[in-house]
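Residue numbering restarts at 1 for every chain, and letters A, B, ... go by the order of the sequence lines. Both backbone and side-chain heavy atoms feed into the values below; hydrogens, waters and symmetry mates do not. Since we're looking at a predicted model, the values are computed, not measured.
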Amino acid sequence: MTRLRPHEIEGMQQRLIRWYQKHGRDLPWRDTRNPYRIWVSEIMLQQTQVETVIAYYERFVAAFPSVQALAREPLQKVLLIWQGLGYYARARNLHRGARLVVSRWDGRVPDTQKELLQIPGIGRSTAGAILSLAYDRPAPILDGNVKRVLCRLFAIRRDPAKPDVLKRLWALSEVLTPGTDVHTYTQAVMDLGATICTPIDPRCTVCPLRNNCQACRRSLQHLIPVRARKEPTPHHEYALGIVRHRGRVLIRQRPEEGLLGGLWGFPNYRRRPKGTLADALHQGLHNDLGLAVESGEKTGTVRHAYTHFKITLHVFECLLLPENKTHTGKADWKWIYPSRLKDYPLAASDRKVMDRLLDRD
DNA sequence: AAGACGGGGAC
DNA sequence: GTCCCAGTCTT
């Protein structure tokens, strides 16, 4: 383990803070110490880059200005704001978390790690961010930016995802976190990772920590952090049905847990090996709703990439045969007018279908 | 310990 | 098109 002397640590903290005061970014969640707003921003930033988050954050806190406001709204309304941001479990957890904060802590976001960790969606790093940014408590964080900064500072040439490496990184983050002005320090180290100590082509010549950085001194910055080789992503094909009845279109809600949980979309079914797209659609709608359709004209395809696989959606305009009864009898299936689709949270792939291929009359 | 979980930006 | 990002929860 690298030895760090107290005066070295203090020097790094001071250089970082001074750098931040001059070069730090002005972001919408940085003009507040409101723990609820910090919480919202940190959850959004967990998976997503700053540029993408900004507009979502603004809309979210405008729609739900407080923990209480968020807690009293239905999940569907939260997902409507969140749609397109991805990792929807974050939105479900945030919503559940708001209700927990109202019921257990009378609407006050806790200021201890022990309590924060009881809130769904808040792990050690997010707890540290809330504690340091909102309450100025000396709690470390370890997000992707900080991992990269620390791996380079200490020339750690092993996969940061490995448990023992992670443990060491947490220890380093803790040692470097100051006892005072944690608020500024935490933002500074995140900003350093985002704007100087970037994944590709880090700007070491203007880095305030260049003299402390073992990777920079040994010209290893382009080799760190090491990344695990990733597997090729499988590709799946789906038949998607635009099923119409008296001017309305059929949509289905996904189960609350799992991929895209709670979101609505057009019915779609995976093509079986050796099966046809039309068969998949036929059988799927029959099994789910007892609906008999003739899959008519294929109107186009939509491609979409997820983390671990890719899909191609083949979109069919379906003819509903007259003998069908159209009462679904199920709460998770609905016939709606296309103009009302904007009231339902959709995944990005379904939004693409709607924008490109749904003929609205 | 390992896998699941989305979408978008850079090139 | 390909490669990249990333924290928490579940199993």
Side-chain angles (χ1 to χ4, degrees), chain A residues 38-57 79 81-97 100 113 116-130 139-151 158-167 169-170 173 186 190 193-195 197-202 222 224-236 254-263 265 301-313 345-353 355:
Chain A
I38 304 281
W39 177 17
V40 171
S41 72
E42 286 301 319
I43 297 300
M44 287 187 172
L45 288 162
Q46 274 177 3
Q47 319 297 340
T48 315
Q49 300 187 338
V50 164
E51 286 310 310
T52 310
V53 165
I54 291 175
Y56 280 92
Y57 171 82
L79 289 174
I81 301 283
W82 203 275
Q83 65 176 327
L85 198 54
Y87 285 90
Y88 297 90
R90 294 182 298 170
R92 297 195 299 271
N93 285 336
L94 192 52
H95 185 240
R96 273 204 296 146
L100 180 69
Q113 188 197 52
L116 285 170
L117 289 179
Q118 294 168 23
I119 298 172
I122 297 184
R124 188 176 174 188
S125 189
T126 302
I130 294 170
I141 63 163
L142 192 61
D143 70 355
N145 287 321
V146 179
K147 282 179 192 166
R148 188 170 56 252
V149 169
L150 294 175
C151 280
R158 295 186 52 225
D159 182 356
K162 297 287 180 200
D164 61 318
V165 180
L166 215 47
K167 195 175 168 197
L169 291 172
W170 268 113
S173 180
T186 297
M190 290 191 295
T195 65
C197 198
T198 50
I200 314 245
D201 209 13
H222 294 285
I224 297 175
V226 300
R227 30 191 124 265
R229 194 176 58 82
K230 70 160 190 172
E231 303 300 314
T233 56
H235 191 148
H236 303 309
R254 293 166 182 268
E256 202 159 286
E257 67 287 350
L259 187 73
L260 307 170
L263 273 66
T301 59
V302 164
R303 287 174 225 283
H304 195 72
Y306 295 91
T307 312
H308 300 296
F309 63 99
K310 298 173 187 180
I311 60 170
T312 300
L313 298 167
L346 303 182
S349 59
D350 285 299
R351 192 147 296 277
K352 286 183 195 171
V353 171
D355 290 341

Report the distance from atom CG of A:Leu142 to atom C1' of C:dT8, rounded to the nearest whole Å.
13 Å
Specify the residue among A:Trp170 and A:Arg303 whose closest nucleotide of DNA chain C lies further upstream toward the 5′ end.
A:Arg303
Once the angle between the rings of A:Tyr306 and A:His304 is folded into 0 to 90°, is it parallel (under 30°), tilted (30 to 60°) or perpendicular (over 60°)?
perpendicular
Do A:Gln47 and A:Arg90 have side-chain N/O donor and acceptor atoms under 3.5 Å apart?
no
Could you give the CD-to-P distance, from A:Glu42 to C:dA6, as a whole number of Å?
13 Å
Nearest-Å distance for atom pair CG/P, residues A:Asp159 and C:dA6:
13 Å
Please tell me if A:Asn145 has a side-chain N or O lying less than 4.0 Å from either OP1 or OP2 of C:dA6.
yes
d(CD1, A:Ile54; C1', B:dG9) in whole Å
14 Å
What is the distance, to the nearest angstrom, from the CG atom on A:Leu45 to the P atom on C:dA6?
11 Å
Within the 4.0 Å heavy-atom criterion, would you say A:Ile43 contacts the bases, only the backbone, or no part of the nucleic acid?
nothing
For A:Arg96, the side-chain hydrogen bond (donor to acceptor under 3.5 Å, both in side chains) test, sequence neighbours excluded, returns A:Asn93
Reading nucleotides 1-8 of chain B from 5' to 3' and marking B where a protein heavy atom lies under 4.0 Å of the base, S where only the sugar-phosphate is that close, and - otherwise, the string is S---BBBS
Would you classify A:Ile122 as touching base, sugar-phosphate or nothing, given that sugar-phosphate means primed atoms plus P, OP1 and OP2, and contacts are heavy atoms under 4.0 Å?
sugar-phosphate
Taking the P atom of each, how far is C:dC3 from B:dG6, in whole Å?
22 Å
Separation of A:Ile119 atom CD1 from C:dT8 atom C1', in whole Å?
14 Å
Hits for side-chain hydrogen bond (donor to acceptor under 3.5 Å, both in side chains) against A:Glu42, two or more places apart or cross-chain, chain-then-number order -> none
Between the OG1 atom in A:Thr126 and the CD atom in A:Gln113, the distance rounded to the nearest 0.5 Å is 11.5 Å
Closest to the 5' end of DNA chain C, once A:Lys310 and A:Thr126 are matched to their nearest nucleotides, is A:Lys310
Would you measure the distance from the C1' atom in C:dA6 across to the matching atom in B:dA2 and give it in whole Å?
16 Å
Nucleotide C:dC4, atom C1' - distance to CZ of A:Arg148 in whole Å
11 Å
Say whether, by atom type as modelled, one donor and one acceptor occur between the side chain of A:Gln118 and the main chain of A:Leu100 under 3.5 angstrom.
no
Pairwise distance CD1(A:Ile122) to CG(A:Leu94) - rounded to 0.5 angstrom
8.0 Å
